[in-house]
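No hydrogens, no waters, no symmetry mates; every other heavy atom, side chains included, goes into these values. Throughout, a chain's letter reflects where its sequence line sits, starting with A, and its residues are numbered from 1.
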There are 2 protein chains.
Amino acid sequence: MPQSDTVDKILDAAELLFAEKGFSETSLRMITSKANVNLAAVNYHFGSKNALIQAVFGRFLGPLSRLMEQGSKDNNWGVDSNIPKLEDILRLYTQSLLKIPTSHDNGVAIFMRLMGLAYTQSQGHLRKYLEQQYAKTFRLFMYLVKLSTPELSAEERFWRIQFAMGSIAFTMSSIQPLTEIFENSKSAVAKPDKVVEYLVPYLVSGLTAKSVDE
Amino acid sequence: MPQSDTVDKILDAAELLFAEKGFSETSLRMITSKANVNLAAVNYHFGSKNALIQAVFGRFLGPLSRLMEQGSKDNNWGVDSNIPKLEDILRLYTQSLLKIPTSHDNGVAIFMRLMGLAYTQSQGHLRKYLEQQYAKTFRLFMYLVKLSTPELSAEERFWRIQFAMGSIAFTMSSIQPLTEIFENSKSAVAKPDKVVEYLVPYLVSGLTAKSVDE
DNA sequence: GTATGTTTAAAACACACGTTTGGAATAAAT
DNA sequence: ATTTATTCCAAACGTGTGTTTTAAACATAC
């Protein structure tokens with residue numbers, strides 16, 4: 001068995017458990033027993049639990065970051081007065097998400113859930129890691145949105161993006177428990193794709209709402 | 001010193017620490033030392049840490065729940081074809097929030113942050129407690145929104161409310177320099193009232209967006 | 001003033017956590 | 001075949017956790 005196998009088994013198990021329970025609520029013993037590896041393997045391969053958390057994020061944010069930048073470049077957004085539509089930006093984002101290779105289905109929901117947790121749980125080290133690792137991509141995203149919503153003030157645009165990210169992260173965070181609650185005659189668990197279908201027009205409408213400044 | 005004093009001191013300290021760090025990341029020793037009470041006081045007065053968490057929420061949600069139901073009744077919403085406007089519902093909500101008595105300013109921000117954590121951190125006991133305690137109020141809220149947005153399908157309305165709640169909870173959760181806000185109460189960092197000003201038109205626009213079903 | 005119930009205090013409890021250790025097993029290289 | 005580096009494993013370590021225990025302090029009523 002090659003080395004990478006243990007590493008990936010740990011990452012796979014950690015990803016699921018973190019998404020399900022949160023970071024502090026998931027112990028290394030849960031992870032290693034789910035992954036069928038020795039407890040010490042985490043500290044051996046990753047160094048610490050915090051480093052493992054960061055590695056979990058790096059595994060999907062790396063590809064996502066690359067896909068977003070590539071997509072923007074392919075469309076020539078931002079050059080020669082080539083201004084993207086807000087829907088197109090969101091679509092690039094969601095479709096980039098779907099392109100990320102995952103070890104299991106429901107990968108998208110898990111990513112979004114993890115991103116929500118990253119913002120919401122006060123893991124200082126994670127925030128620091130994400131900032132210095134993906135600040136460039138985030139700035140690109142902000143720039144694109146700026147191009148497509150020139151009528152907004154910088155402050156209002158910032159907050160609206162914040163609101164939009166909240167809708168996404170929060171929704172994906174609570175899909176499972178909510179569908180359990182409101183299971184009035186609806187048997188099927190809400191599929192993320194279906195939810196995204198509802199999400200996009202909502203976001204577009206909210207982001208392009210008439211400004212309060214006017 | 002009367003009994004209630006210790007109880008309130010614990011609740012005050014717990015509220016702040018939970019909002020700042022999360023539930024699992026806050027130990028009873030942090031709470032009791034911040035509250036200047038003995039460690040055993042928590043288990044004596046509340047029974048367990050989980051019960052303390054629930055008590056912190058009860059202190060907020062009890063008044064809020066009453067205010068919402070009273071406000072709806074005062075406006076005769078739902079009777080005699082008296083249909084509320086969506087803005088009015090949101091305004092009732094935000095103003096009810098502001099009316100809740102808090103032991104310190106920034107109470108609203110802390111409350112929203114806690115609600116975000118409640119949804120986001122998978123504290124099973126908390127979710128169960130909130131459900132069986134405030135399901136009635138939540139159902140009223142859903143009903144009012146249904147009255148004001150008759151054009152939406154039940155499913156799409158459900159998800160849009162979800163999106164909206166996400167915006168609120170997430171935004172308040174990630175006003176990052178929270179600690180600064182707590183310490184020097186007149187910090188210039190994002191004031192919740194200002195954010196709400198931006199939030200309302202965004203929510204209205206999103207919630208009333210043209211349906212994807214049409 | 002004594003008795004009764006309630007609240008505080010200090011200490012200890014059992015347990016789960018992340019991490020470290022030292023040696024066994026395995027693979028790669030000479 | 002022997003060496004060398006890497007990976008795995010069982011066990012233990014130290015620390016911090018929520019909770020319990022015991023007794024003292026306090027308040028209240030008779």
Side-chain angles (χ1 to χ4, degrees), chain A residues 1-58 114 117-118 121-129, chain B residues 1-58 114 117-118 121-129:
Chain A
M1 251 188 197
Q3 165 247 5
S4 62
D5 210 70
T6 296
V7 170
D8 284 339
K9 284 200 293 184
I10 292 174
L11 285 173
D12 289 344
E15 186 177 292
L16 284 173
L17 286 171
F18 286 152
E20 183 188 340
K21 301 178 182 303
F23 305 114
S24 303
E25 294 82 358
T26 301
S27 70
L28 293 185
R29 284 167 176 83
M30 293 180 195
I31 295 171
T32 52
S33 76
K34 174 162 191 151
N36 280 317
V37 300
N38 188 270
L39 168 62
V42 171
N43 283 280
Y44 175 75
H45 286 288
F46 296 93
S48 68
K49 184 183 180 181
N50 281 352
L52 169 61
I53 295 175
Q54 294 170 14
V56 167
F57 278 83
L114 286 174
L117 289 180
Q121 315 218 161
S122 65
Q123 299 272 346
H125 69 96
L126 222 196
R127 201 174 294 240
K128 211 166 289 178
Y129 168 79
Chain B
M1 246 185 201
Q3 164 248 4
S4 61
D5 210 69
T6 296
V7 170
D8 284 339
K9 283 200 294 184
I10 292 174
L11 284 173
D12 290 344
E15 184 178 295
L16 285 173
L17 285 171
F18 285 152
E20 184 187 338
K21 300 179 182 303
F23 305 115
S24 303
E25 294 83 357
T26 302
S27 72
L28 293 184
R29 283 165 178 82
M30 294 180 194
I31 295 171
T32 52
S33 76
K34 174 160 189 150
N36 279 318
V37 300
N38 188 270
L39 168 62
V42 170
N43 284 281
Y44 174 75
H45 285 289
F46 297 94
S48 68
K49 183 183 179 180
N50 281 351
L52 169 62
I53 295 175
Q54 294 169 14
V56 167
F57 276 83
L114 287 174
L117 289 180
Q121 313 214 166
S122 66
Q123 298 273 345
H125 70 96
L126 221 197
R127 199 166 300 216
K128 211 166 290 178
Y129 168 80

(message) For a quick check, with a 4.0 angstrom heavy-atom cut-off, what is the B/S/- contact string for nucleotides 14-20 of chain C, read 5' to 3'?
(response) ---BBBB
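Remark: A/Thr6 OG1 to A/Asn36 CG distance equals 10.5 Å, nearest 0.5 Å.
The overall bend of the helix from C/dG1-D/dC30 to C/dT30-D/dA1, read as the angle between its terminal helix axes built from five base pairs each, is 0° when rounded to 10 degrees.
Between B/Leu117 and B/Phe57 there is no side-chain heavy-atom pair separated by less than 4.5 Å. Contact check for B/Glu15 versus B/Leu11: no side-chain heavy atoms found under the 4.5 Å cut-off. Inter-residue side-chain proximity for B/Ile10 and B/Val7 is flagged as unmet; no heavy-atom pair is nearer than 4.5 Å.
Residue B/His45 has a polar side-chain atom (N or O) positioned under 4.0 Å from OP1 or OP2 of C/dT8.
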Name the atoms and distances for all side-chain donor-acceptor pairs under 3.5 Å in residues 37-44 of chain A, with sequence neighbours left out.
from    : atom 1 : to      : atom 2 : distance (Å)
A/Asn38 : OD1    : A/Ala40 : N      : 2.9

Which pairs of donor and acceptor atoms, one on a side chain in residues 49-56 of chain A, lie under 3.5 Å apart (sequence neighbours left out)?
from    : atom 1 : to       : atom 2 : distance (Å)
A/Lys49 : NZ     : A/Phe23  : O      : 3.1
A/Lys49 : NZ     : A/Thr26  : O      : 2.7
A/Asn50 : OD1    : A/His125 : NE2    : 3.1
A/Gln54 : NE2    : A/His125 : ND1    : 3.0

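For the side-chain contact (heavy atoms from CB on, under 4.5 Å) test, no residue two or more places apart in sequence or in another chain qualifies with A/Ser33.
B/Met30 and B/Glu25 make their closest contact through CE-O, 3.5 Å (heavy atoms, listed as atom of the first residue, atom of the second, distance).
The CG-P distance, from B/Asp8 to C/dT7, rounds to 13 Å in whole Å.
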